[in-house]
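For the numbers below, each heavy atom of this structure counts, side chains included, while hydrogens, waters and symmetry mates do not. Order of the sequence lines fixes the chain letters, A, B, ..., with proteins taken first and strands second; residue numbering starts at 1 for each chain.
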Number of protein chains: 2
Amino acid sequence: MKKNVAIRPQEPDLSNDPALRTEAFQQAREARRSELAEDYVELIDDLIREGGEARQVDIAARLGVAQPTVARMLRKLVEEGLVQRKAYRGVFLTDSGRELAQASRERHEIVEQFLVAIGVPPETAQRDAEGIEHHVSEETLAAFRRFTEAQRR
Amino acid sequence: MKKNVAIRPQEPDLSNDPALRTEAFQQAREARRSELAEDYVELIDDLIREGGEARQVDIAARLGVAQPTVARMLRKLVEEGLVQRKAYRGVFLTDSGRELAQASRERHEIVEQFLVAIGVPPETAQRDAEGIEHHVSEETLAAFRRFTEAQRR
DNA sequence: AGATCAATATAGCATATGCTATATTTATTT
DNA sequence: AAATAAATATAGCATATGCTATATTGATCT
Ligand SMILES: [Mn+2]
Ligand SMILES: [Mn+2]
Ligand SMILES: [Mn+2]
Ligand SMILES: [Mn+2]
């Protein structure tokens, strides 16, 4: 497979570097692995704030999945040290879980507000942010923050 | 579970509507299901442009996965009518596959260029775009396009 | 042509995330 | 307190996406 690139030493065509491309795919795959944990702890934190407790049925309703799906995921989050549960009582966040929830919520808000700031309708911003948030690096997040902040003047 | 929301008829707090939240989660889950197919056809199209053919080993190397993983996914893409293969020759895109590749590439470029436009370093933009692209609605894409375009003056 | 190398195919394993059906346990109502 | 309802637990199934090991097929070199 011969490459068909113009050689321009002055302007290294980074947009087509295969190694970088591979890194990008790997980063996206990696992000997919932490997505669910982030959404869960953020949601559990929300539910506790809203109503003092986070029950499986409520988590399932919000996520739009079945209750046994939530039950299994919670078991895993307990193993990962993010969640505690008292059987047949609601679930709670560990310190580590609260930290992750906090970070996730902040990132989520920054992404959502940024989308609104560039002119995306609020409902759409909310929908898109739910997926985008997991693929935004610190650098991109910083750029989002800068823009939204500047916009506010 | 009682809700703890301030009632403000003038300003419906849409940012906290549970039904919308659920839709957002569903949209993100849905997006995850089409991600791989999009990346595959886009990549196959790239490889064919670069070198006239797309072989499993090259696809695997670019994606950073093992060859049997690619073999199985290609079988699935054939079932979905996006890809054709001649055994032990490379793989090719069907008309439908080419369409999806085209759309995916355009979206990918818009996202990446937009990130650069708001000040994200190009390498980071490339990495983040690989994941973000799959979660961007038409409306958000339009906003990205507008901004990048305006920036170019 | 035969040997060797490269690419692809296939089998089998693992984990993740969805589902339905149903048993068990707790909460609520009568 | 017993009956009923609600929530949770568990079993079993399905699909998706990774992996390694290995067989098969095709391409290349001597
Ligand atoms: Mn979120
Ligand atoms: Mn999310
Ligand atoms: Mn892409
Ligand atoms: Mn991608």
Side-chain angles (χ1 to χ4, degrees), chain A residues 1-2 22-41 43-44 47-48 51-80 82-92 130-131 134, chain B residues 1-2 22-41 43-44 47-48 51-80 82-92 130-131 134:
Chain A
M1 192 185 51
K2 290 282 173 51
T22 300
E23 269 182 55
F25 284 126
Q26 283 166 338
Q27 176 176 307
R29 273 200 305 278
E30 175 60 32
R32 280 201 323 243
R33 282 221 310 278
S34 25
E35 261 180 60
L36 265 186
E38 291 166 10
D39 284 341
Y40 266 82
V41 296
L43 176 54
I44 289 167
L47 289 170
I48 289 175
E53 59 178 352
R55 301 178 311 165
Q56 286 190 17
V57 279
D58 299 321
I59 297 171
R62 283 288 174 96
L63 291 176
V65 300
Q67 169 265 327
T69 299
V70 173
R72 174 154 34 68
M73 183 59 60
L74 288 178
R75 201 186 313 141
K76 196 182 163 197
L77 294 177
V78 168
E79 274 169 25
E80 289 173 10
L82 295 168
V83 160
Q84 281 182 343
R85 54 203 322 201
K86 321 195 174 162
Y88 281 88
R89 296 287 139 81
V91 304
F92 307 90
E130 196 56 73
H134 308 285
Chain B
M1 194 185 54
K2 289 282 172 48
T22 300
E23 269 183 55
F25 284 126
Q26 282 165 338
Q27 176 175 307
R29 273 200 304 280
E30 175 61 31
R32 281 199 328 239
R33 283 220 310 277
S34 24
E35 262 179 59
L36 266 185
E38 291 167 10
D39 284 340
Y40 266 81
V41 297
L43 176 54
I44 289 167
L47 289 170
I48 290 175
E53 59 178 353
R55 302 179 310 165
Q56 285 190 18
V57 279
D58 299 321
I59 297 170
R62 283 290 173 94
L63 292 176
V65 300
Q67 170 265 327
T69 300
V70 173
R72 175 155 32 69
M73 182 59 60
L74 289 178
R75 203 185 314 141
K76 196 182 164 198
L77 294 176
V78 168
E79 275 169 25
E80 290 173 10
L82 296 168
V83 160
Q84 281 182 343
R85 55 205 319 201
K86 322 193 174 162
Y88 281 88
R89 296 287 139 82
V91 303
F92 307 89
E130 195 56 73
H134 308 285

Between the CD1 atom in A/Ile59 and the OG1 atom in A/Thr69, the distance rounded to the nearest 0.5 Å is 12.0 Å
Residue A/Arg89, side-chain heavy atoms: nucleotide from D/dT8, C/dA9, C/dA27 that is nearest
C/dA27
Pairwise 5' ranking along DNA chain C for B/Arg75 and A/Lys76, keeping only the more 5' one
B/Arg75
For A/Glu53 and C/dT26, give me the distance from atom CD to atom P, rounded to whole Å.
16 Å
Name the closest nucleotide to the A/Tyr88 side chain, picking from C/dA7, C/dC19, C/dT24.
C/dT24
Of A/Ala87 and A/Ala66, the one whose nearest nucleotide on DNA chain C sits closer to the 5' end is A/Ala66
Would the distance check show the side chain of B/Thr22 and the main-chain N or O of A/Arg62 forming a donor-acceptor pair, the cut-off being under 3.5 Å?
yes
B/Pro68, nearest nucleotide to its side chain (from C/dT17, D/dC19, C/dA7)
D/dC19
Does A/Arg85 place a side-chain N or O at less than 4.0 Å from the phosphate oxygens OP1/OP2 of D/dA7?
no
Atom CD of B/Glu80 and atom P of D/dT15: how far apart are they, to the nearest Å?
14 Å
Would you mind reading off the distance between A/Lys86 atom NZ and D/dA9 atom C1', rounded to a whole angstrom?
19 Å
Any side-chain N or O of A/Thr69 below 4.0 angstrom from OP1/OP2 of C/dG18?
no
Could you state the CZ-P distance from B/Phe25 to C/dG18, rounded to the nearest angstrom?
11 Å
Backbone of B/Gly64 reached by a side-chain donor or acceptor of A/Arg29 within 3.5 Å
yes
Please give me the minimum heavy-atom distance between A/Phe92 and A/Ile48, naming the atom from each residue.
CA-CD1, 4.3 Å
Measure the distance from CZ on A/Arg29 to C1' on C/dT15 and round it to the nearest whole Å.
15 Å
Given C/dA9, D/dG18, D/dA9, which nucleotide is nearest the side-chain atoms of B/Arg72?
D/dG18
Could you state the CD-P distance from B/Glu35 to C/dT17, rounded to the nearest angstrom?
13 Å
Where the side chain of B/Leu36 is defined as all heavy atoms beyond and including C-beta, which of C/dA9, D/dG18, D/dA9 is the nearest nucleotide?
D/dG18
B/Glu80 CD to B/Met73 CE distance, which is reported to the nearest 0.5 Å
8.5 Å
In whole Å, I'd like the distance from the CD atom of B/Gln67 to the P atom of D/dT17.
17 Å
Report the distance from atom CZ of A/Arg32 to atom C1' of C/dA16, rounded to the nearest whole Å.
11 Å
